[in-house]
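Single-structure report; data block below.
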Amino acid sequence: MDNITLANFFHEIADILELKEENPFRINAYRRAAQVLESLTQNIEEIAQKGKLEEVPGIGEGIGEKIQEILKTGRLRYLEELRKTIPPGLISMLAVPGLGPKTILRLYHEFGVETIEDLERLLPQHKICQLEGFGERSEEKIKEGLEQFRRHQKRSLLGKVEPLALEIVRTLEKVKGVNRVSLAGSLRRKKETIGDIDILCTSDNPKETIAVFCQLPQIKEVKARGTTKVVALSKTGLEIDLRVVEPEAFGAALHYFTGNKQHNIKIRTMGIKRGLKINEYGVFKVEGRGKEGEEEQDKEEAEKNRGTQDEEKTKEKEGEIKEAVGENEGEGESAAKEGVRIGGATEEEVFRAVGLPYIEPELREDRGEIEAALEGRLPKTINLSDIKGDLHCHTKYSDGHNTIEEVAQAGIEREYEYLLISDHTTTVGITHGMDAEKIQRQMEEIEKVNQRLKEKGVRFRLLKGVECDIKADGSLDLPDEILAQLDLVIAAIHSKFGMDQTERLISACQNPHVDIIAHPTGRKLGERDPYQVDLERVMEVCRKTKTALELNAFWNRLDLSDINCKRAKEIGVKVSIGTDSHHILEMDVMRYGVATAKRGWLEKEDVLNTCSLEELLGWVKNRKKSKE
DNA sequence: GCCGTTTTCGGCCCGACTGTTTTCAGTCG
């Protein structure tokens with residue numbers, strides 16, 4: 001059983017327990033176990049076989065036993081019992097923005113609302129606003145939440161969201177009084193899918209900045225607006241959060257809003273052990289923290305309530321507190337800023353405060369980066385500037401838009417040393433791909449272009465290649481004698497996605513001419529799940545045959561995924577980053593590939609196309625020899 | 001349910017904003 005399927009058992013338990021208003025820490029334990037399972041590079045089944053389940057952080061005795069049961073029987077009795085205790089539709093309602101367990105349960109008990117459809121039918125009757133504790137606005141908010149849910153059931157893809165986000169960042173940078181602007185959240189971590197856009201800035205005039213932001217042409221509607229924070233909806237229906245912070249808190253806020261949640265919790269917990277309080281306002285030394293500190297906690301409580309308490313009642317208390325924290329703090333922020341500030345202007349200061357070196361945003365997923373940082377074994381991850389060429393490009397010879405000459409020019413503009421022309425073969429019918437005759441013609445044209453560039457003294461070379469289809473029986477779509485003439489051969493699956501692809505991919509790897517397997521799992525984000533394949537076995541064959549696996553940089557694929565990249569590295573398989581571009585403008589998606597490689601902990605030497613041209617051709621030669 | 005340089009028991013990150021009520025609960029990130 002794969003880790004994701006297993007993780008879903010625990011997500012479901014957490015969802016149900018949430019609706020049953022169980023102990024939140026217990027819920028979080030299940031949630032955390034699910035997340036840990038999702039980010040493990042090793043198959044949990046192997047770990048279980050070695051009896052090492054409980055060595056996995058977040059998995060203890062209870063969850064360990066449940067995993068064993070699932071692996072053994074494919075079922076979990078505990079979950080099956082749990083399911084009987086609540087109507088199944090309630091779980092899906094948790095996904096509606098603004099609806100939490102309390103509201104869902106209330107609506108269920110008052111009106112028998114069991115599904116999202118029930119809720120949609122109830123809304124026009126205007127009964128919700130008559131409930132105690134609810135009003136016109138609450139009902140309106142539920143309606144808006146439902147609309148947002150319907151519109152945006154799926155998370156958005158990185159490559160679709162990033163351009164809009166950068167456009168807003170650039171606009172904000174020009175606003176008077178704004179000093180620094182940065183993306184935060186999953187967008188900054190370059191996660192393959194994005195829930196919302198988080199933007200952070202510093203400003204001389206926060207009020208004015210917030211006012212300007214709310215008027216931006218990209219904004220359709222403002223959902224919430226305070227003195228430091230705005231929640232808005234873009235015209236594309238995506239949520240955009242803006243936070244305005246003070247310059248001395250920029251690093252702390254950037255770290256905090258970049259996440260992810262588990263990473264933050266670990267950092268803050270490390271802070272607590274050092275007598276520090278870490279929040280979005282900075283790093284603070286708190287006297288008495290880490291010990292009993294009851295007095296401190298009382299004070300904290302009082303502080304928390306300060307901004308909201310009745311002025312008359314708290315006058316006396318307030319006098320004391322103001323003395324303790326200083327007069328000039330903003331309302332409601334004083335509690336957060338309690339203690340002596342020891343850092344927070346930069347993210348480095350936050351990490352340093354807990355004894356860590358800087359950790360890149362792409363690594364902040366609580367996948368062992370904090371432990372690695374502590375032990376001084378953080379990877380020196382790959383950067384876009386390390387990429388020496390694109391190893392997957394299409395031209396007019398199949399379904400690409402540009403000529404060979406144009407593609408070469410685009411490669412030169414990106415300061416590449418080389419670029420692999422890799423058009424489809426004929427089996428991929430709709431692409432009008434290449435047969436043996438057509439590819440001969442293409443090779444001749446590539447030679448001519450290379451010759452012209454050489455004469456002009458341009459240090460750039462087009463490589464002759466192909467994206468050869470792997471047929472259902474594992475054979476390739478071009479004869480070996482043709483493949484032998486090419487500089488590099490990519491092989492990929494484009495049909496019969498229903499079958500198990502393990503043997504099909506393995507036989508392709510074993511062909512002496514195949515250098516790279518493209519988009520190895522066939523997934524299309526938000527469209528198509530990965531096909532059935534035992535990637536572990538394929539990777540093992542790749543290691544033996546020295547075949548590289550592609551990280552397809554196109555944002556709707558990003559295949560290999562970050563976690564699979566990490567696994568490839570562990571097994572010792574090279575990763576080749578290719579854009580699969582069908583238009584020269586698409587060649588810039590390389591940055592999403594590099595970001596995903598970073599998220600997979602890949603270093604320069606793990607990636608094939610960080611090699612110079614000579615090294616690359618040497619690698620091919622050496623690989624061919626070892627396959628013979 | 002997990003975990004331990006604060007503990008094998010008793011903690012578990014921390015704050016903003018909204019709506020409805022007037023002191024706080026709910027939700028979100």
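All values reported here derive from a predicted model rather than from experimental measurement. Labels below follow one simple rule: chain letters A, B, ... track the order of the sequence lines, proteins then strands, and each chain is numbered from 1.
B:dT8 and B:dT18: their C1' atoms are spaced 42 Å apart (whole Å). Nucleotides B:dG11 and B:dT5 have their C1' atoms positioned 16 Å apart, rounded to a whole Å. When the P atom is used for both B:dG26 and B:dT21, the distance is 14 Å, rounded to whole Å. Comparing B:dT23 with B:dC28, their P atoms sit 26 Å apart, to the nearest whole Å. Using C1' as the reference atom, B:dT7 and B:dC12 are 12 Å apart when rounded to the nearest Å. Nucleotides B:dT6 and B:dC2 have their P atoms positioned 22 Å apart, rounded to a whole Å. Atom name C1', nucleotides B:dT20 and B:dA25: the rounded distance is 10 Å, in whole Å.
Heavy-atom distances under 4.0 Å link DNA chain B to A:Lys261, A:Ile265 of residues 257-267 of chain A, given in residue order. Of the residues in residues 94-113 of chain A, A:Val96, A:Pro97, A:Gly98, A:Leu99, A:Gly100, A:Pro101, A:Lys102, A:Thr103 come within less than 4.0 Å of DNA chain B through at least one heavy atom, sorted by number.
Between A:Gly62 and A:Arg243, the residue whose closest nucleotide on DNA chain B is further toward the 5' end is A:Gly62. Positionally, the nearest nucleotide of DNA chain B for A:Val56 lies more toward the 5' end than for the other of A:Asn28 and A:Val56.
Note: CD (A:Glu54) to P (B:dG1) measures 13 Å, nearest angstrom. We find that CD of A:Glu65 is positioned 9 Å from P of B:dC2, with the value rounded to whole Å. One can place CZ of A:Phe284 at 12 Å from P of B:dC14, the figure rounded to the nearest angstrom. Here B:dG1 presents its P atom at 9 Å from CD of A:Glu22, a figure rounded to the nearest Å. Regarding A:Asn23, its CG atom lies at a distance of 12 Å from the P atom of B:dC2, rounded to whole Å. At whole-Å resolution of the value, CD in A:Glu132 and C1' in B:dG19 are 14 Å apart. Here B:dC3 presents its P atom at 12 Å from CD of A:Glu55, a figure rounded to the nearest Å. A:Glu136 places its CD atom 16 Å from the C1' atom of B:dT21, with the value rounded to the nearest Å.
Remark: A:Arg75 engages A:Glu80 in a salt bridge (Lys or Arg N to Asp or Glu O under 4.0 Å) (not counting sequence neighbours). Residues passing the salt bridge (Lys or Arg N to Asp or Glu O under 4.0 Å) test with A:Glu21, sequence neighbours excluded: A:Lys102. In terms of the side chain to side chain donor-acceptor pair (under 3.5 Å) criterion, residue partners of A:Arg121 (sequence neighbours excluded) are, by chain and number, A:Asp118.
OP1 or OP2 of B:dG1 lies within a sub-4.0 Å distance of a side-chain N or O belonging to A:Arg26. Side-chain nitrogen and oxygen atoms of A:Thr228 include none within less than 4.0 Å of the OP1 or OP2 phosphate oxygen of B:dG15. OP1 or OP2 of B:dT20 sits under 4.0 Å from a side-chain N or O of A:Ser138. For B:dG1, one of the phosphate oxygens OP1 or OP2 lies less than 4.0 angstrom from a side-chain nitrogen or oxygen of A:Lys66. Side-chain N/O atoms of A:Lys277 include one lying less than 4.0 angstrom from OP1 or OP2 on B:dG15.
The side chain of A:Ile63 sits closest to B:dC2 out of B:dG29, B:dC2, B:dC13. Checking B:dC14, B:dG29, B:dC17 against every side-chain atom of A:Thr227, the shortest atom distance belongs to B:dC17. Distances from the side chain of A:Lys141 to the nucleotides B:dA16, B:dT18, B:dC14 place B:dT18 closest. In the set B:dT20, B:dC13, B:dG29, the nucleotide with an atom closest to the side chain of A:Arg137 is B:dT20. Checked against B:dC2, B:dG15, B:dT6, the side chain of A:Ala29 finds its nearest nucleotide in B:dC2.
The two atoms that bring A:Asn279 and A:Ala252 nearest to each other are O-CB, 3.5 Å, heavy atoms only. Considering all non-hydrogen atoms of both residues, A:Ala184 and A:Phe257 come closest at CB-O, 3.6 Å.
Ring geometry, A:Phe351 versus A:Tyr358: the interplanar angle exceeds 60°, so the pair is classed perpendicular (tilted spans 30 to 60°).
No N or O donor and acceptor, one from the side chain of A:Asp198 and one from the base of B:dG29, sit under 3.5 Å apart. Between the side chain of A:Tyr256 and the base of B:dG29 there is at least one donor-acceptor pair of N/O atoms closer than 3.5 Å.
Rounding to the nearest 0.5 Å gives a distance of 9.5 Å between OG1 of A:Thr41 and CH2 of A:Trp601.
In this structure, the side chain of A:Thr193 does not engage the main chain of A:Leu157 through any donor-acceptor pair within 3.5 Å.
Residue-level contact check: A:Arg32 touches neither bases nor backbone, having no heavy atom under 4.0 Å from any strand. A:Phe25 comes within contact range of at least one nucleobase, with a heavy-atom separation under 4.0 Å.
A cation-pi arrangement is absent between A:Arg31 and A:Phe10, since the terminal nitrogen or guanidinium carbon is not both under 6.0 Å from the aromatic centre and inside a 45° cone about the axis.
Here salt bridge (Lys or Arg N to Asp or Glu O under 4.0 Å) pairs that include residues 200-229 of chain A, with residues two or more places apart or in two chains, are A:Lys223-A:Glu239.
Tested against A:Arg188 for a salt bridge (Lys or Arg N to Asp or Glu O under 4.0 Å), the candidates A:Glu347, A:Glu362, A:Glu360 yield a single pass: A:Glu347.
Taking a 6.0 Å sphere around CD of A:Glu132, one finds it holds 12 or fewer heavy atoms contributed by other residues, nucleotides or ligands.
When Watson-Crick and G-U wobble pairs are counted only if both distances are under 3.5 Å, B:dC17 pairs with B:dG26.
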